[in-house]
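In what follows, a structure is listed as structure tokens, so that the remarks can point back to it.
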Amino acid sequence: MAEDAPNAAAEGTQPAPPEGSADAAPPASGAKAAEALLPSLSIWPPSQRTRDAVVRRLVQTLAAPSVLSQRYGAVPEPEAERAAAAVEAEAFAAASESAAGASPASVEEGIEVLQAYSKEVSRRLLELAKSRSAAAAAPAPEASAQESEESSAPAEAAASKE
């Protein structure tokens, strides 16, 4: 044990006291110390830096090649930036409402609100991609119907001249 002490001092740690000694701290005091530190840890609301990172990631998902953009089509970057900012702001507002406007009382409650925020961002992003894809696909059949009518009109006019 004498050999362990210099190593412990060199590492900046104390050797563990032998079991049953008076120096051994009860396990409950360690838990209380951890609880005292937890209130300083704030899960919700996320910092502005975190929210900005979410927006950047959404823009990347919409504009760059991704599973979402491959399935529903890529969004031009300026439009993606506006849409991503709106999606994030709406999701943040919805999650904040679910938190009852006040900061969650515990870390667990903060995690629940953060999970709700994440799900809301995902849901709104998917809705945006689907609606944009549906809007882009809807005019295409109408345009092709108009084109076929227009292309058949000269043929009909030629047939009527004969």
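Here the structure is a predicted model, which is why all the values come from computation and not from measurement.
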Would you mind listing every salt bridge (Lys or Arg N to Asp or Glu O under 4.0 Å) that reaches into residues 55-82, with sequence neighbours excluded?
Glu79-Arg132
Exam field: side chain Ser118 to backbone Leu114, donor-acceptor pair closer than 3.5 Å
no
Working for side-chain contact (heavy atoms from CB on, under 4.5 Å), residues Val113 and Glu109
CA-CA 6 Å; Val113 175; Glu109 289 175 5; 5.6 Å; no
Any sub-3.5 Å donor-acceptor pair from Thr50's side-chain atoms to Pro46's backbone N or O?
no
NZ/NE/NH1/NH2 to OD/OE distance under 4.0 Å, Glu120 and Arg123:
yes
Start with the C-alpha gap between Val54 and Phe92, add the side-chain angles, then the distance that decides, and say whether side-chain contact (heavy atoms from CB on, under 4.5 Å) holds.
CA-CA 11 Å; Val54 168; Phe92 181 80; over 6 Å; no
Quick check: is Val121 connected to Val55 through a chain of hydrophobic side chains (ILVMFWY, heavy atoms under 4.5 Å apart)?
no
Between Leu62 and Leu128, is a side-chain contact (heavy atoms from CB on, under 4.5 Å) present by the stated rule, with each step listed?
CA-CA 10 Å; Leu62 288 169; Leu128 171 79; 3.9 Å; yes
Minimum heavy-atom distance Ala89-Arg51, with the two atoms named:
CA-NH2, 4.1 Å
So, using side-chain hydrogen bond (donor to acceptor under 3.5 Å, both in side chains) as the criterion, who are the partners of Ser69 when residues are at least two apart?
Ser66
Residue set satisfying side-chain hydrogen bond (donor to acceptor under 3.5 Å, both in side chains) with Glu112, at least two apart, ordered chain then number -> none
Do Ser98 and Tyr117 touch side chain to side chain, with heavy atoms closer than 4.5 Å?
no
Path from Val87 to Val59 over hydrophobic side-chain contacts below 4.5 Å
no
Minimum-distance pair of heavy atoms, taken over all atoms of Leu58 and Ala84:
CB-CB, 3.6 Å
